[in-house]
Amino acid sequence: EPEVTQTPSHQVTQMGQEVILRCVPISNHLYFYWYRQILGQKVEFLVSFYNNEISEKSEIFDDQFSVERPDGSNFTLKIRSTKLEDSAMYFCASRKDSQGSAFFGQGTRLTVV
Amino acid sequence: RKEVEQDPGPFNVPEGATVAFNCTYSNSASQSFFWYRQDCRKEPKLLMSVYSSGNEDGRFTAQLNRASQYISLLIRDSKLSDSATYLCVVNRDDKIIFGKGTRLHILP
């Protein structure tokens with residue numbers, strides 16, 4: 001069964017450093033998402049991406065964040081100048097169309113120290 | 001008001017009991033609806049889509065009432081393996097919005 005894959009599974013970084021979280025969505029999917037979940041809290045929407053551009057973003061997704069689809073398969077989230085409060089689980093998701101269900105990757109646990 | 005609201009839980013329920021989850025959404029432009037399940041420190045996984053006609057998958061029944069903007073999930077004959085957080089999810093345009101989730105503990 002096709003699945004969304006994310007790498008790395010766990011990343012530890014020093015405050016102020018930049019990190020890139022990587023995702024390979026399901027191959028025939030057209031809509032891509034990043035979410036984050038701080039431990040014990042809800043799953044929060046960050047950004048949606050369709051047709052090679054951001055279609056919607058939340059207030060969390062400020063200038064510190066950017067997304068890219070550098071080739072036909074990868075979808076990346078870059079976090080610049082990381083802060084302690086960026087520590088969270090980051091989930092990538094994809095779906096085939098705008099009404100269907102989304103499939104999630106296993107997440108990258110980001111720890112900022 | 002939050003766009004998707006769920007019972008805060010947790011629910012502690014004996015094995016074999018029936019459990020009901022409720023969810024309301026505030027934006028009438030919401031287009032499609034889902035229940036996801038999330039185990040501790042894992043990704044959300046689709047449990048079922050929700051339709052106005054109601055749909056059933058084994059022990060699970062989901063229902064949507066568009067007029068009252070209400071979504072429900074019923075689990076019959078609950079098993080220990082049903083212990084998880086249940087997430088009400090609403091789709092509007094390109095955005096997929098999660099409720100905070102209701103934690104379920106099935107007690108042996």
Side-chain angles (χ1 to χ4, degrees), chain A residues 1-6 9-10 21 23 25-26 29-61 67 88-111, chain B residues 1-10 21 23-27 29-52 55 57 60 62 64 66 71 73 84-105:
Chain A
E1 186 178 314
E3 58 181 19
V4 177
T5 55
Q6 289 185 243
S9 55
H10 190 188
L21 311 183
C23 171
I26 294 172
H29 284 191
L30 301 177
Y31 293 80
F32 314 115
Y33 301 85
W34 282 101
Y35 286 80
R36 80 171 185 192
Q37 187 174 32
I38 295 168
L39 189 63
Q41 297 188 25
K42 68 176 285 187
V43 177
E44 297 177 292
F45 169 77
L46 290 177
V47 66
S48 58
F49 192 87
Y50 170 72
N51 202 25
N52 285 320
E53 60 183 20
I54 290 174
S55 49
E56 195 155 352
K57 59 184 181 179
S58 72
E59 59 276 7
I60 302 168
F61 194 90
V67 290
M89 195 75 159
Y90 287 80
F91 292 110
C92 173
S94 71
R95 60 179 175 174
K96 194 182 292 189
D97 57 60
S98 62
Q99 298 305 308
S101 57
F103 293 84
F104 284 76
Q106 291 183 317
T108 294
R109 179 169 301 284
L110 176 66
T111 304
Chain B
R1 184 185 171 188
K2 295 187 181 69
E3 188 157 355
V4 180
E5 296 214 54
Q6 297 184 241
D7 294 324
F21 298 95
C23 172
T24 55
Y25 60 96
S26 61
N27 195 321
S30 301
Q31 296 147 317
S32 48
F33 309 89
F34 309 92
W35 284 101
Y36 278 71
R37 163 194 174 128
Q38 187 176 28
D39 292 288
C40 191
R41 296 177 179 258
K42 300 283 191 183
E43 76 274 24
K45 289 189 175 171
L46 177 69
L47 185 62
M48 56 200 305
S49 303
V50 191
Y51 307 109
S52 297
N55 47 309
D57 182 2
F60 299 83
L64 165 66
R66 283 191 185 268
I71 307 159
L73 175 70
T85 297
Y86 289 82
L87 304 166
C88 177
V89 179
V90 167
N91 177 64
R92 175 174 55 79
D93 302 322
D94 283 350
K95 203 166 169 181
I96 306 167
I97 303 143
F98 282 77
K100 199 168 180 183
T102 303
R103 182 105 182 93
L104 173 66
H105 299 281

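In what follows, every chain begins at residue 1, and chains take the letters A, B, ... in the order their sequences are listed.
- No hydrogens or angles considered: a donor-acceptor pair under 3.5 Å links the side chains of A/Y33 and A/R95.
- Contacts between B/L46 and chain A at a heavy-atom distance below 4.5 Å involve the side chain alone, from C-beta outward.
- Heavy atoms closer than 4.5 Å to chain B are found in both the backbone and the side chain of A/Q106.
- Most heavy-atom pairs under 4.5 Å with chain A: of the set B/C40, B/G101, B/S32, this distinction falls to B/S32.
- Of the atoms belonging to A/Q37, it is side-chain heavy atoms, and not backbone ones, that fall under 4.5 Å from chain B.
- A 4.5 Å side-chain heavy-atom check between A/F103 and A/H29 finds at least one atom pair inside the cut-off.
- Looking at B/R41, both its backbone and its side chain come within 4.5 Å of chain A, counting heavy atoms on both sides.
- With a 4.5 Å cut-off on non-hydrogen atoms, A/S48 touches chain B through its side chain but not through its backbone.
- Looking at A/Y35, only its side chain comes within 4.5 Å of chain B, counting heavy atoms on both sides.
- Ring-centre distance between A/F91 and A/F32: not below the 6.0 Å cut-off.
- Neither the backbone nor the side chain of B/F33 comes within less than 4.5 Å of any heavy atom of chain A.
- Of the atoms belonging to B/K100, heavy atoms from both backbone and side chain fall under 4.5 Å from chain A.
- For a residue to count as touching a neighbouring chain, one of its non-hydrogen atoms must lie under 4.5 Å from one of that chain's; by this rule A/F104 touches chain B with backbone and side chain alike.
- Among A/S58, A/G100, A/G107, the residue with the largest count of heavy-atom pairs under 4.5 Å with chain B is A/G100.
- Ring centers of A/F45 and A/F61: at least 6.0 Å apart, outside the cut-off.
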